[in-house]
Structure formats: C-alpha cells, structure tokens
Amino acid sequence: MSHSFVGFGQVAYIGIPYTNAIKLAGIKGQVIPLQFNWIAYGASSLIPNINVLVNMDLPQCRALDVLRSVYIDNLGSDNPIYVFFPDTGCTVSAKPNSEGWYPAYTNAKTVWVVGLGFVSG
C-alpha cells in the first residue's frame, strides 16, 4: 500500500545520526539508532501529522554503506509510523502498538519518518 506524504510540513531530525557496531545471530553489522520524541516536534491535535527528514549521509555514518532494513519499536503508541524512502518510493509502515524488522528498498541514506494522527493529551 502506498502513501502520499506530500503537503506534510517537513522538519529536520532532532539529533545527530551515527553508526554503532552490533552482532546479531553471530553476524557483525552496523546500525544507526534513531529516537523520536514526537512532542519535541510539536505533535498535538493542532499538528497531527509530522514528517521528519533524516539525513544519514554523514561522516559519522560512513561505516554503514547501505540500508538493508529498519527496526521500528512503536509499542505504547496509538499512532502509525511510516518510513518513506524518497529515492525508490518504498514505504515501511508500523501499526500502532507494534514492533518489527522491515526490509528497506533504497539506494540512499535519506529517509522520511512520518507519524500520523497525533492528538493532545
């Protein structure tokens, strides 16, 4: 299912992405951990949809040559979260109160992380 995030005001990621070495099931790799405090982006009934531009094409992220997957922990949230790859149009969606690994179909290190339907309170 494709989504259009056109018309959503886009804001820059709060923080500085960096790579971190990991080992999963005996396989060495790299991750770029990102955290989102949606209230810091103004999430409320007045701003229910937020589109965050995350640029990971930075010197501190060079250890990761390509994005292959994303892990989304959306537990405890009543809002869906989307990761959109503008170079390919691929969209990953995480339902409210869910978590999981999702394949990333992209050739770039720029993504949009979109939260929809925020309310105040």
Side-chain angles (χ1 to χ4, degrees):
M1 179 160 99
S2 69
H3 294 276
S4 174
F5 303 113
V6 175
F8 293 11
Q10 194 169 67
V11 297
Y13 176 68
I14 298 171
I16 300 172
Y18 61 92
T19 55
N20 195 10
I22 61 162
K23 192 172 189 180
L24 293 172
I27 300 171
K28 293 180 182 180
Q30 297 285 327
V31 297
I32 299 176
L34 302 173
Q35 293 185 352
F36 292 84
N37 176 349
W38 292 103
I39 293 172
Y41 292 98
S44 67
S45 298
L46 297 175
I47 306 173
N49 303 317
I50 299 173
N51 179 353
V52 179
L53 172 64
V54 183
N55 177 10
M56 296 171 282
D57 193 14
L58 303 168
Q60 61 270 25
C61 296
R62 294 255 156 74
L64 183 71
D65 59 345
V66 66
L67 295 175
R68 299 194 190 283
S69 64
V70 295
Y71 174 76
I72 302 173
D73 180 349
N74 199 29
L75 294 172
S77 173
D78 294 331
N79 303 85
I81 300 298
Y82 301 89
V83 178
F84 175 72
F85 301 95
D87 68 320
T88 61
C90 173
T91 304
V92 170
S93 63
K95 294 179 181 178
N97 296 299
S98 69
E99 66 177 333
W101 284 99
Y102 306 90
Y105 301 107
T106 184
N107 296 306
K109 288 195 215 173
T110 300
V111 302
W112 301 358
V113 178
V114 181
L116 299 180
F118 294 107
V119 295
S120 300

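Given the structure is predicted, the values throughout are model-derived calculations rather than measurements.
- Atom NZ of Lys109 is separated from atom CG of Asp87 by 13.0 Å, given to the nearest 0.5 angstrom.
- Listed here is the closest heavy atom pair of Ile22 and Gln30: CG1-N, 4.3 Å.
- Distance alone, capped at 3.5 Å, places no donor-acceptor pair between the Asn49 side chain and the Phe8 backbone.
- In terms of heavy-atom proximity, Asn79 sits nearest to Asn74 at O-ND2, 2.8 Å.
- Taking CG of Leu64 as the reference point, atom CG of Asn20 lies at 11.5 Å (rounded to 0.5 Å).
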Could you walk me through whether Ile81 and Val113 pass the side-chain contact (heavy atoms from CB on, under 4.5 Å) check? CA-CA 7 Å; Ile81 300 298; Val113 178; 4.1 Å; yes

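- There is a path of hydrophobic side-chain contacts, each under 4.5 Å, that joins Leu67 to Ile72.
- Counting all heavy atoms, side chain and backbone alike, Thr19 lies closest to Ala63 at OG1-CB, 3.6 Å.
- Here the side chains of Pro96 and Ser77 are not in contact, with every heavy-atom distance at 4.5 Å or above.
- Interatomic distance, Phe36 CZ to Ile39 CD1, rounded to the nearest 0.5 Å: 15.0 Å.
- Partner Leu53 forms a side chain to side chain contact (heavy atoms under 4.5 Å, CB included) with one of Val111, Thr110, Val11 and no other, that one being Thr110.
- Taking the six-membered ring for Trp and thresholds of 30 and 60 degrees, Phe5 and Tyr82 have ring planes inclined between 30 and 60 degrees apart.
- With hydrophobic clusters built from ILVMFWY side chains whose heavy atoms lie under 4.5 angstrom apart, Leu34 shares a cluster with Tyr102.
- Residues Val52 and Val70 share a hydrophobic cluster, clusters being chains of Ile/Leu/Val/Met/Phe/Trp/Tyr side chains in contact below 4.5 Å.
- Within 6.0 Å of CD1 on Ile16 lie no more than 12 heavy atoms contributed by other residues, nucleotides or ligands.
- Remark: Phe118 pairs with Trp38 by the ring pair (Phe, Tyr, Trp, His ring centres under 6.0 Å) rule, at least two apart or across chains.
- The minimum heavy-atom distance between Val54 and Pro17, with the atom names listed, is CG1-CG, 4.2 Å.
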If you apply the rule side-chain contact (heavy atoms from CB on, under 4.5 Å), what do you find for Asn97 with Lys95, and how did you get there? CA-CA 6 Å; Asn97 296 299; Lys95 294 179 181 178; over 6 Å; no

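- No donor-acceptor pair closer than 3.5 Å links the side chain of Tyr18 to the backbone N or O of Pro33.
- Atom OH of Tyr41 is separated from atom CD1 of Ile14 by 4.0 Å, given to the nearest 0.5 angstrom.
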Determine, stepwise, if the pair Val92 / Phe85 fulfils side-chain contact (heavy atoms from CB on, under 4.5 Å). CA-CA 9 Å; Val92 170; Phe85 301 95; 4.0 Å; yes

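- The two residues Trp112 and Pro86 have their closest heavy-atom pair at NE1-CG, 3.8 Å.
- The minimum heavy-atom distance between Asn55 and Asp57, with the atom names listed, is OD1-N, 2.9 Å.
- One distance of note links CH2 of Trp101 with CG of Leu24; it measures 5.5 Å at 0.5 Å rounding.
- No donor-acceptor pair under 3.5 Å is formed between the side chain of Ser44 and the backbone N or O of Ser120.
- Around the OH atom of Tyr105, the shell of radius 6.0 Å holds no more than 12 heavy atoms that belong to other residues, nucleotides or ligands.
- Linking ILVMFWY side-chain heavy atoms closer than 4.5 Å, directly or via other members, places Val83 and Met56 in a single hydrophobic cluster.
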